[in-house]
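In this text the structure is predicted, and so the values were computed from the model without any measurement. Lettering follows sequence order; numbering is per chain, from 1.
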Number of protein chains: 2
Amino acid sequence: MSKSESSDTAQYAFDGLDRVLHEKARLGMLSSLMANPQGLLFNELKDLCNLTDGNLSRHMQVLQDAGLVEVWKGTQGKRPQTLVRMTEQGRERFMRYINVLEQIVNDAIEASRAGKQVPNARRTGWDWSPA
Amino acid sequence: MSKSESSDTAQYAFDGLDRVLHEKARLGMLSSLMANPQGLLFNELKDLCNLTDGNLSRHMQVLQDAGLVEVWKGTQGKRPQTLVRMTEQGRERFMRYINVLEQIVNDAIEASRAGKQVPNARRTGWDWSPA
DNA sequence: CCCTGTACTTTCCAACGCAAAGCAACCCGC
DNA sequence: GCGGGTTGCTTTGCGTTGGAAAGTACAGGG
């Protein structure tokens with residue numbers, strides 16, 4: 001079996017793509033919270049991200065455990081309400097992630113521009129067959 | 001349980017984030033292949049994305065089944081070699097995905113600029129306690 | 001009282017990613 | 001010419017995860 005020479009040659013390994021952040025639902029939540037730094041209520045967030053209750057609850061916990069958001073349990077009268085906000089660390093990590101995304105996007109656009117018309121050439125001196 | 005009003009209010013649902021594409025390893029593979037439209041050999045791709053053999057094999061199949069890449073089995077002398085290329089559909093879907101990413105990135109940068117200094121204000125008329 | 005609604009939490013299961021093991025063909029030394 | 005190593009992948013097995021559904025808790029309303 002072959003060895004991996006780490007990121008020396010691996011320019012497309014995308015090490016910066018943090019698993020916790022790189023996830024549809026969570027990315028949506030964090031984006032919402034970045035746009036609403038004062039925090040969002042459980043149901044506001046749920047609607048913004050189009051998540052089910054259970055789903056949101058689950059992902060919220062993940063983000064909280066990771067220290068990316070802070071969760072406040074509150075009441076008005078006696079109705080419980082949960083408020084979520086980004087932490088400072090959350091902001092930082094999110095922006096770091098976004099920077100990686102930006103890089104990927106730029107590279108992709110660059111690549112797609114560069115490789116517009118590709119010849120049908122496979123490698124010569126080989127016999128290829130599909131699939 | 002609450003209903004989801006679809007994407008009317010759900011501006012952060014990120015429906016465009018195709019699951020097949022939105023995945024570290026696969027995103028890396030596709031980026032590599034976009035940058036090398038003539039195709040890449042199994043091991044070239046493996047090194048570029050810093051993947052193990054098994055891993056690459058698995059993800060390649062997923063991408064192939066999704067119609068995003070085409071796979072050519074070939075030989076030189078008698079050594080087998082696998083060549084992978086983007087399909088036209090692959091290119092399209094990838095760029096669509098990248099456009100969504102771009103949007104997310106721009107929104108995030110915008111949001112982070114806008115919400116620089118946030119007051120510590122929670123919602124008034126409530127009693128909050130952490131976690 | 002009970003029943004409906006709100007506000008979440010927990011449970012369960014299928015799908016997925018990843019590492020390790022497996023397989024097949026070739027090449028080399030002796 | 002046949003064992004052992006190498007190359008080039010594939011397959012298997014397992015631990016983790018995301019998501020739907022079910023569950024809990026409490027608060028009005030009839």
Is the phosphate of [N], meaning OP1 or OP2, less than 4.0 Å from a side-chain N or O of [X]?
{"X": "A:K73", "N": "C:dT9", "answer": "yes"}
{"X": "B:N55", "N": "C:dC18", "answer": "yes"}
{"X": "A:K78", "N": "D:dC26", "answer": "no"}
{"X": "B:S57", "N": "D:dC9", "answer": "no"}
{"X": "B:N43", "N": "D:dG8", "answer": "yes"}
{"X": "A:Q81", "N": "C:dT6", "answer": "no"}
{"X": "B:H59", "N": "C:dC18", "answer": "yes"}
{"X": "B:R26", "N": "C:dG17", "answer": "yes"}
{"X": "B:R19", "N": "D:dT17", "answer": "no"}

### Message
Would the distance check show the side chain of B:N55 and the main-chain N or O of B:L51 forming a donor-acceptor pair, the cut-off being under 3.5 Å?
### Response
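Here the side-chain-to-backbone pair does not exist.
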[atom1] of [X] versus [atom2] of [N]: gap in Å, rounded?
{"X": "B:E44", "N": "D:dT7", "atom1": "CD", "atom2": "P", "value": "16 Å"}
{"X": "A:D53", "N": "D:dA22", "atom1": "CG", "atom2": "P", "value": "14 Å"}
{"X": "A:K24", "N": "C:dC16", "atom1": "NZ", "atom2": "C1'", "value": "16 Å"}
{"X": "B:L45", "N": "D:dT10", "atom1": "CG", "atom2": "P", "value": "13 Å"}
{"X": "B:L56", "N": "D:dG8", "atom1": "CG", "atom2": "C1'", "value": "11 Å"}
{"X": "B:D18", "N": "C:dC16", "atom1": "CG", "atom2": "C1'", "value": "15 Å"}
{"X": "A:L51", "N": "D:dA21", "atom1": "CG", "atom2": "P", "value": "15 Å"}
{"X": "B:L83", "N": "D:dC9", "atom1": "CG", "atom2": "C1'", "value": "15 Å"}

### Task
Could you check whether A:Q61 gets within reach of a base, just the sugar-phosphate, or nothing at all, counting any heavy atom under 4.0 Å?
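A:Q61: no heavy atom of the nucleic acid under 4.0 Å.
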### Query
Is there a donor and acceptor pair closer than 3.5 Å between the side chain of A:R58 and the base of D:dG19?
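Between D:dG19 and A:R58, which were checked side chain against base, a qualifying N/O pair under 3.5 Å is present.
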### Residues A:S31 and B:D107: side-chain donor-acceptor under 3.5 angstrom
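There is no such pair (donor and acceptor under 3.5 Å, judged by atom type) between the side chains of A:S31 and B:D107.
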### Query
Which residue, B:K24, B:R26, B:E23, forms the side-chain hydrogen bond (donor to acceptor under 3.5 Å, both in side chains) with B:H59?
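Of the listed options, the one satisfying the test is B:R26.
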### Task
Show your working on side chain to side chain contact (heavy atoms under 4.5 Å, CB included) between A:W128 and B:L83 and close with a plain yes or no.
CA-CA 9 Å; A:W128 297 103; B:L83 183 75; 3.6 Å; yes
### Task
Please tell me which of A:R79 and B:R79 maps to the more 5' nucleotide of DNA chain C, matching each residue to the nucleotide holding its nearest heavy atom.
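So the residue in question is A:R79.
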### salt_bridge(B:E88, B:R93) N-O dist < 4.0 Å
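No, no charged N to carboxylate O under 4.0 Å.
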